[in-house]
Structure formats: C-alpha cells, structure tokens
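Since the structure comes first, as structure tokens, the remarks are kept for the end.
All ligand and atom numbering here is 1-based and tracks the order in the structure. The basis for the numbers below is simple: all heavy atoms, side chains too, and nothing from hydrogens, waters or symmetry mates. The chain is numbered in sequence order, starting from 1.
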Amino acid sequence: MADALDNATYEAIDVDALTEDQARAELARLAELLDGANTAYHTEDAPVMSDAEYDALKRRNMAIEERFPAMKRGDSPTDQVGAAPAEGFGKITHAVRMMSLANAFDDEDVREFDRSVRKYLGAPGEIAYTAEPKIDGLSLSLRYELGKLVSAATRGDGQIGENVTANARTIDDIPQEIIGAPDILEVRGEVYMSHADFEALNARHAERGGKTFANPRNAAAGSLRQLDSEITRARPLKFFAYAWGEISEPLSDTQMGAIQRLAALGFQINPLAERFSEIDDLLAHYRKIESQRATLGYDIDGVVYKVDNLELQRRLGFRSTTPRWAIAHKFPAELAWTRLEAIDIQVGRTGALSPVARLTPVTVGGVVVSNATLHNEDYIKGLDSRGEEIRGGKDIRVGDWVQVYRAGDVIPKVADVDLSKRAADSTPYVFPTTCPECGSEAIREEGDAVRRCSGGLICPAQAVEKLKHLVSRGAFDIEGLGAKQVEQFYKDGWIKEPADIFDLKENFGPGKLQQLKNREGWGEKSALNLFDAIDARRDIPLAKLIFGLGIRHVGDSSANLLASHYGTWAAFEAAMTSMTIGAGEAWEDLLSIDGVGEVMATSLVTAFHQDAERESIAKLVERLRPIEAEKPKNDSPVSGKTVVFTGTLEKMTRSEAKARAEALGAKVSGSVSAKTDIVVAGPGAGSKEKKARELGIALLDEDGWLALIGDA
Ligand code: IVH
C-alpha cells in the first residue's frame, strides 16, 4: 500500500507491462494530473505543463484505457474538454457541445487522418478539405436569435461555459445584430489579441506598476473574463468566426461556403482559409502559413484541416470530445540556445523540490525566456523516469549551453546541452538532499521521481504555497488576498497557517494598519474591504473547503465528488479520521466514489492522520461555517442510482449521456457490479451486458433509457 502514495510509482512502467492494480492507480494519477492541468490552463490562465506534455499524458491515459477498457473512469480525461467554468460568471449550457480538436504533429499524422476519414466513409473518392490557421486565443460561442445577439459563452468544459455576454458586446468584431441569418444561429470562433495591441496593453500596465500578461492568449482570456465589462471594453479584443453550434437552417452545404456566409453576415473570417483536394496541397498550405506566422500580427499555433462537405462531416460525427472530420496540425516547438547561469530549487505545496534553470535571457518564438523547468534530479542527470538515458545520457551543469524550447503557451523547458561548449572545469550538479527552505531532510521514496521536503508545515515554503493554494481562485478565492499578499503577510508573521487568515481582523491593531498603509496600494479602506471579503468566505461550500486544504492528489473535481458524497464537513472529517488505509467499510465507501482511486484515498487519509496537519485543518474549520453540499437531486427517476453505459450509443455521445445522467442525480460508473442499478446497453455491448444479466440488474436500450429520463 505504501507505494500507492508515490506520485510517480507507475509512471515508469510501460502501458503493456502494467498490472491491473497498477493500471487503476495510474489512471487515477493521470486523471488527477490532467484535471489539474486543465484547471490551470482554462480556469486560471496559468498553464502548469506544456501542450506536448499534456498530449503525452492524455495518450498514455488512452493507451491504458484501451488495454483495460473496464477500468475507464467515470471522470476519464478522454471525455473531458477544458475545465469547468470559473466562479463569478453565470453559466450557460451550450445547445451544442463545444468540441476540441485532435492533433497532428507531422505530415504522416495528417495523411493518417485522411486515411481514417476515407476508411470511415468507405473510400468515397475525392475528398476536399479546408485549411486555415489555428488561432491561439480562446473560443467563444455567440447565440443570435432572430438576428439579435442574445448570449455569449466561453467554452468552459465544453458543455457549460461562462456567460460573458456583456463583455462580448464590447468587442467590435462581434455584431450585435445580423441581417438575413437563420432564426437561430450560434456562431463560434476565437477571441484573440493582436501582437501590437498586446504590447501596448502591457506597456500601459507596466507604466502604472500593474500586472503584465505573459502572452496575447492570457491577455485575451484575462480581458474577456472581467466581471466589469467596462474593463473589457478598454481592451482591444478581436474575433475570428470559424464554426457554428445550433442553427435553425443550414448555412451552406460546405464548410467553406458556411464560413463565407458568416463573412457575408458581418463576421471576420481568416483570410488564409483555403480549400484543397490533395493532401500534398494541404501540407503546402500549412508550410505557407507557417512561413507567414511571424508576420501575421497575431498568435497561431497550427493549421486546422476540416472536411469541406458538410454532409460528410455529419456522417463522420464526433468521438467523445473531438470531431472525426477535423484535425489540428500543430507547429513544432520553438527552440533557442543560451547559457544556464544557475539552478534554483523551488519547494512546492506538497514539498516537491523542483529544479528551475536560470538562463541568460533569450528570445524563443517572440517571448523572452529567462527561466525554464528542469523537471527533477534524474532529468538533470540525463535519465528518464525509467532510469533510461535521455539526451544520449548527457547531464546538465551550471555554466552549460543549453537548448530551450517552448511549445505554445507553456513553461519553457531545457531540452538539450552542447557538450562542445562545456568548460573543462565544470562539475556535475549535485541535487540537494535537504530542503533549501527549512533544512529538513528531503527524501526520495523508491519509485518516486520527485524528492520531497519532509518538513511539512514547519517548512516555510510549503506553508506559503499551502496558503496561496487556499486563497486561490478555485478554492476560497478571497478578494484582495492573492498570492502576493499572502507572501507578504507570511513574511510579516501575520499569517502562518490557514486559520490565521480568519483571525487577521481580530489581531489587527493600529500598528499593523500603519505598516500596511506604508505599503503601496493599501489604506484603511482596503484593509476593511479585505476583512469583509475574508468574513464573507466563512460560509464556504464544502467542495471549496476540501479543495482549499491542498491535499496531494485532491483537485477541484475530486473535491466536488467528495463533497457530494459526504454532504457535510462533519461526515467527511469523521470518515477521514476514523478509517484505516486499505481496509474496512469506510475505506471501501471512499473508494466506491467514481473518480476516487487508491492513490487519492491514501493521500487523504494520510493527511488526516498526521497530527500537525489534522490540528491545522481543525483550527481552520472552527472559524468557518461549511455549507453542506447538495445531495443528488431526488426528484428524477434515476437520482441516486448507479448507471453504466455500454456498447454504442446512437443518439448521444457517451459524454453527453454521462453528463445528462449526472445532471439528473445519477452516478455513472465504468464497470458493472452488485452496486449497479441500471445498465444501458447499445449495439455491440459485450461482457458488461452479460454481467448485468447474471446479476439481475435492470437492462435498458438507449431508447428505454431516454424514455425513463423523459428525453424520448
Ligand atoms: S474548429 C468542432 N477552427 O482550437 C471543432 N478551432 O484545440 C471546432 N481553434 O476549441 C473547432 N482556431 O478554440 C477550429 N480555425 C479554427 C480554430 C480553432 C483555433 C481552437 C478552438 C478549439 C481549439 C481546439
């Protein structure tokens, strides 16, 4: 059991070599990692991994699911697009799901895409495709009814987005009224910011000592998601239309025709979109767009190919999150060489020691890079997580010439090292075995790629990171108390642990006020506002509280699952403190939650069994009034029931079916057991249908299910 704790235990094992238990744990780990990455990218506009890394993890997850289909999780990353919408905006359920795109990384992937299209359609002769730039912004769905703009929503998780209508109305490229359009028309496209506007905006912010944006995509996202639409108005956002959602009548019978129709209705469409019948011509167009990339004046990160004929698009349909009729051909990562000046070690919330390369600043793809990640100590040594050589076994040393790359909107990485430029007297880097922040021993458990500080809450770095996590957007989200303020207050000794935030007001004497006032941006009024904001968060939804604790492996969607399972803080806490790892009813009950695996469960129980941690949590909760989580709705015929979908669903995608079932209060599980209430079996259902019969579980076909939930 002990090794279930290690983040990277099974990371090192090839998919083909995983045992069932390892595969299950690995799927849990990947779900957690990808969920965190999604939230960071979509909800917080602060990516934590590169697109390439993300894609690799997603592919590994899919490969494991392919090998062990029965283990596919209810919250499988394969079925997720983006992240749930951020708090603060109203929600809009998309009439037609907003999809993502599958990726191609080289010419062969594109040819394979063409082959798969032909195969699916049964070799239909000539197929034309459109090719257009993939805009690096954020997608937006605009709904027009009788020619009037009625709503605008971000993608969110594909199903439900944020209502940003007021903000969208401030964008010049988005018409408020269109003439001659179908009665219902959802126009989809990308909101982006041009390079020139981005630079001017950052210059304005820098002048005022304000925050600057890392890149145009973040600037566009940050600008569109302003709660005050007057701020959005002042930001120069643009919009390209390239797709549509619900429509009351077709726009055209081809993709190209539909886009041109959108142009005729007053939308901006990308001038580089063209149609070709030969793959070689598509690829030539890709290279042409790539050669113009630097001078386009806005960020693009690839070229999107789409089957032109809309009837064929309809026949091809969708996989769980991506259309079969389109693919994004990504541009390769951008590279540069520079000198590695130093290696710093950062200590994270869970104690992980992460090496960071400090570089002589260098421009990589238009962005000045001075820091890059070095992952972990093995990576520096030239080894991967399996102990096998990478970069031909070359290690990385301070003073080396290193190759830095960034793929799109991500943390840059050190990819390679030039040994011919290495100084004769250079010495290998020695990774610290004590925490640079608190001096505690830094331990690397067997099978873990990461060395961790064992100091727990006595480690100031862990304590600060935990506090920052607590006040972050997905957790307590206290207005006026961001990462910067937390760091400052920690340094001042005003807050040392989460509970102290809620004692700030009480402990706040005139001396402290004076100290605050001496600092830029603080006055009596802002201090009072801060106390109000803190007070307002004493009533905290259970899921946000659980997420805010910052327990390893517990991301926001897991926190939601835990909250709706236990309902109240008292029930959750009692379960966590009373159970033992690996056995007993409470343990089984925790694992019965679809989406909670052994790795997360172990991490949770361990946290509540460490005295310091448990006391710190208790002290925090004493100051709060946790809001009970909504129990699943019980007014639907399937509420509280466990449902398994198997076989092919013909009227809806798996993820639609799952989302709909969950919206009705059902729990969707990936495998049939005695706890299953209903199995919905489509054509091609196999062992699960058989098992349902054996166990005497209610068996429905798709129509039967739709009739049961009243959707027929
Ligand atoms: S088509 C059903 N076309 O890329 C597919 N998407 O990685 C609808 N994107 O979510 C998308 N430029 O935000 C399409 N020319 C383009 C695009 C584009 C950028 C974005 C879009 C999508 C994401 C997928």
Side-chain angles (χ1 to χ4, degrees), residues 37-38 41-42 45 47 51-52 54-55 58 80-83 94-105 113 117 129-142 152-159 161-162 164 173 186-193 216-217 220-221 224 237-247 251 255-256 258-260 262-263 267-275 282 285-286 289 293 296 298-308 310 312-314 316-331 407-410 653 655-656:
N38 267 333
Y41 186 88
H42 294 281
D45 300 323
D51 289 2
Y54 181 85
D55 291 338
K58 224 166 160 170
Q80 320 283 325
V81 186
H94 299 298
V96 174
R97 254 187 91 120
M98 285 183 85
M99 292 287 177
S100 180
L101 290 170
N103 292 321
F105 296 101
F113 162 68
V117 165
Y129 295 95
T130 58
E132 69 200 52
K134 181 169 188 296
I135 317 296
D136 196 6
L138 68 155
S139 44
L140 187 68
S141 183
L142 306 168
T154 62
R155 179 166 74 169
D157 61 6
Q159 205 104 263
E162 293 156 312
V164 291
D173 285 349
E186 283 182 2
V187 177
R188 290 179 175 175
E190 204 83 352
V191 173
Y192 68 100
M193 195 180 280
R217 197 202 88 90
L224 186 67
L237 294 174
K238 295 193 153 78
F239 180 78
F240 274 130
Y242 52 65
W244 55 93
E246 191 183 356
I247 36 175
L251 290 170
Q255 174 75 32
M256 203 62 171
I259 296 304
Q260 278 159 357
L262 292 177
F267 293 92
Q268 300 301 317
I269 61 168
N270 194 282
L272 292 169
E274 274 189 55
R275 169 170 40 201
L282 274 188
H285 195 57
Y286 169 89
I289 293 176
R293 185 178 183 188
L296 286 178
Y298 49 87
D299 275 353
I300 62 172
D301 57 349
V303 173
V304 184
Y305 308 127
K306 300 172 185 169
V307 169
D308 188 46
L310 297 185
L312 296 184
Q313 278 193 11
R314 189 197 61 75
L316 284 156
F318 297 87
R319 302 177 205 93
S320 62
T321 62
T322 56
R324 283 194 195 82
W325 43 263
I327 198 157
H329 188 176
K330 294 293 212 58
F331 292 135
D409 177 23
V410 293
T653 63
S655 30
E656 270 180 88

Answer yes or no: is there a side-chain heavy-atom contact under 4.5 Å between Leu310 and Gln255?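 When only atoms from C-beta onward are counted, Gln255 and Leu310 do touch, with a gap below 4.5 Å.
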Quick check: do Ile269 and Phe240 have side-chain heavy atoms less than 4.5 Å from each other?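 Sidechains of Phe240 and Ile269: no contact.
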According to side-chain hydrogen bond (donor to acceptor under 3.5 Å, both in side chains), who are the partners of Tyr298, at least two apart in sequence or on a separate chain? Asn270
For Arg275, enumerate each residue passing the side-chain hydrogen bond (donor to acceptor under 3.5 Å, both in side chains) test, keeping only those at least two apart in sequence or located in another chain.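 Partners of Arg275 by the side-chain hydrogen bond (donor to acceptor under 3.5 Å, both in side chains) criterion, ordered by chain and then number, come out as Asp308.
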I'd like the contact residues of ligand 1, where contact means a heavy atom below 4.0 Å.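 Under the 4.0 Å cut-off, ligand 1 touches Met99, Leu101, Glu132, Pro133, Lys134, Ile135, Ser139, Arg155, Glu190, Tyr242, Val304, Lys306, Pro323, Trp325.
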Residue list, ring pair (Phe, Tyr, Trp, His ring centres under 6.0 Å) with Phe331, at least two apart or on another chain: Tyr286
Side-chain donor/acceptor of Glu246 to backbone N/O of Glu186, under 3.5 Å: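 Between the backbone of Glu186 and the side chain of Glu246 there is no qualifying donor-acceptor contact (under 3.5 Å).
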